[in-house]
Trainee: 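Mind having a look at this structure? Questions to follow.
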Protein chains: 2
Amino acid sequence: MRLFRERGYARTTMRAIAQEAGVAVGNAYYYFGSKEHLIQEFYAGTQHEHRAAAAPTLARERDFAARLAGVLHAGVDVLTPYHSFAATFFKTAAEPTSPLSPFSSESSEPREASIALFREVLEGSTARVDAELRPALPELLWLAYMGVVLYWVHDRSPAQVKTRQLIDGAVPLVDRLVGLSRLRVLRPVTRQVITLIHTLRH
Amino acid sequence: MRLFRERGYARTTMRAIAQEAGVAVGNAYYYFGSKEHLIQEFYAGTQHEHRAAAAPTLARERDFAARLAGVLHAGVDVLTPYHSFAATFFKTAAEPTSPLSPFSSESSEPREASIALFREVLEGSTARVDAELRPALPELLWLAYMGVVLYWVHDRSPAQVKTRQLIDGAVPLVDRLVGLSRLRVLRPVTRQVITLIHTLRH
DNA sequence: CGCCCTTCTTGAACGCGTTCAAATCGAGGT
DNA sequence: ACCTCGATTTGAACGCGTTCAAGAAGGGCG
């Protein structure tokens, strides 16, 4: 039954999944509460793969921008084989009540894991960040990643090359903004961003 | 049949809609290509309402922040009666191939209309904006609005008061960023943002 | 008037995700 | 060997969005 999951991903219906596994439809539901749980497993899998795929870059690079780019590109690398799958996945995740929604309480563990990855980007880097912003930055980076994924899902260019370009364009911008966050002129902005993050949280 | 649409909104199934209107299910499909088209009509309706609800503020205020806050709050005002409906709507809109997706080519007209509203926020205001950023700013403001709507959909606080707080927190931040955009130190940032917007577009 | 065409209406049926009562299987105990 | 219990399996059925062949009604033309 372990193989049940891997084989199912290429299919889109529970009936096809059940048929592929040589069982009845009801049996598929016995092992997985729903199709959504199947997708959830898939999601958790890609999270782990993302961390693994990002590890070489994180071990090698100290520069914040390089680390961030590495992690973002790794994320897209991991997701790419499933692009044809993405629309379905995204639609499911978009349900505000879905445990798959990036913003749901059920997703807090995967979300925290993802945010932790971005925390690692930051902590292993030489970036100098405003002291107040620093704890909030991983979450902001995660939100940026969510934006990238959103774009990726909609990206119809060959091999989602546009998403790659977006990353390559966004990383230097984020890098620069992070660098500027300690600037005296921008301290009120930094403060406001932090306040906003707190609003978002509670 | 004109009333068909209004009555249908409170229901969630085509069967209930058809029953409510005293016709057969197939007949509902005769008049509307799909449930999605029904939702599309609803969406177009809220767009018009948004513009109307924002008009007093736009007529009265010259201050950029006040105008922006007025438009954002008006948007939430218009959507509020439908919050119980929002999850369904949002899930439909999240389908990348859906004509309802804010990012789809089919939605270009409603999107342009919405962006035009934010352009009006800008043009009727006293804000001084970087000359290069100015043409791109309405779209950025629209994206911010999309973020607010995203938050609103997920907001379970009473009367979505959290979303109101988010707006009240975000507006001064946007205002300040817009004001800073002409700063010499930030010109590279401004340039990068504009480049990024172009990446997003093509 | 009859025929043809267009428009509108119907309801059974399709595939989807899901449910659940009934049946089967296997292990342990007497 | 039989019984009990828990685990596993089954497939019909449910509601959902949607489709579509067939039927009904109305209008125009010969």
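Quick note on labels: first sequence line is chain A, next is B, and so on, each numbered from 1. Treat the numbers as computed from the prediction; the structure is a model and nothing was measured.
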Trainee: With sequence neighbours left out, what residues match B:Arg15 under side chain to side chain contact (heavy atoms under 4.5 Å, CB included)?
Mentor: B:Thr13, B:Val25
Trainee: Verify the contact: side-chain N or O of A:Tyr29 to OP1 or OP2 of C:dT19, cut-off strictly under 4.0 Å; return yes or no.
Mentor: no
Trainee: Please state how far atom CD1 in A:Ile17 lies from atom P in C:dC16, giving the value in whole angstrom units.
Mentor: 11 Å
Trainee: Expressed as a whole number of angstroms, how long is the span from A:Phe32:CZ to D:dT8:P?
Mentor: 13 Å
Trainee: Please list all pairs passing the salt bridge (charged side-chain N to carboxylate O under 4.0 Å, His left out) test where one or both residues lie in residues 142-152 of chain A, with sequence neighbours left out.
Mentor: none
Trainee: Under the side chain to side chain contact (heavy atoms under 4.5 Å, CB included) test, which residues partner B:Ala52, sequence neighbours left out?
Mentor: none
Trainee: Applying side chain to side chain contact (heavy atoms under 4.5 Å, CB included), name anything that partners B:Leu150, two or more places apart in sequence or on another chain.
Mentor: A:Phe103, B:Phe90, B:His154
Trainee: Within a 6.0 Å radius of atom CD on B:Gln19, are there more than 12 heavy atoms belonging to other residues, nucleotides or ligands?
Mentor: no
Trainee: Counting only side-chain heavy atoms from C-beta out, which of D:dG17, D:dT18, C:dT18 sits nearest to B:Thr13?
Mentor: D:dG17
Trainee: Please enumerate all residues that pass salt bridge (charged side-chain N to carboxylate O under 4.0 Å, His left out) together with A:Glu132, with sequence neighbours excluded.
Mentor: A:Arg187, A:Arg191
Trainee: Name all residues meeting the ring-ring contact (aromatic ring centres under 6.0 Å, His included) criterion together with B:Tyr145; count only those two or more places apart in sequence or in a different chain, and write none if there are none.
Mentor: B:His50, B:Phe118
Trainee: Using whole Å, report how far CD of A:Gln19 lies from P of D:dT9.
Mentor: 17 Å
Trainee: According to side chain to side chain contact (heavy atoms under 4.5 Å, CB included), who are the partners of B:Ala113, at least two apart in sequence or on a separate chain?
Mentor: none
Trainee: List the atom of B:Ile197, the atom of B:Ala136, and the distance in Å for their closest heavy-atom pair.
Mentor: CG2-CB, 4.4 Å
Trainee: Between the opening five pairs and the closing five pairs of the helix from C:dC1-D:dG30 to C:dT30-D:dA1, how far apart are the helix axes, to 10°?
Mentor: 40°
Trainee: Can you list the residues that meet the side-chain hydrogen bond (donor to acceptor under 3.5 Å, both in side chains) rule with B:Thr195, with sequence neighbours excluded?
Mentor: none
Trainee: Atom pairs under 3.5 Å, N or O on each side, protein against nucleotides 23-27 of chain C: can you list them with distances?
Mentor:
none

Trainee: Dump every N/O contact between nucleotides 10-14 of chain D and the protein below 3.5 Å, one line per pair.
Mentor:
residue, atom, partner, partner atom, Å
D:dT10, OP2, A:Ala24, N, 2.7
D:dG11, O6, A:Gly26, N, 3.4

Trainee: I'd like a table of donor-acceptor pairs (distance under 3.5 Å, sequence neighbours excluded) in which one partner is a side-chain atom from residues 65-81 of chain A, with atom names and distances.
Mentor:
residue, atom, partner, partner atom, Å
A:Arg67, NE, A:Val121, O, 2.8
A:Arg67, NH1, A:Leu58, O, 2.9
A:Arg67, NH1, A:Glu61, O, 2.6
A:Arg67, NH1, A:Gly124, O, 3.3
A:Arg67, NH2, A:Glu120, O, 2.7
A:His73, ND1, A:Arg164, NH1, 3.1
A:His73, NE2, A:Asp168, OD1, 2.9
A:Asp77, OD1, A:Arg164, NH1, 3.0
A:Asp77, OD1, A:Arg164, NH2, 2.7
A:Thr80, OG1, A:Val76, O, 2.6

Trainee: Quickly work out the B:Met14 CE to C:dG15 C1' distance and round it to whole Å.
Mentor: 17 Å
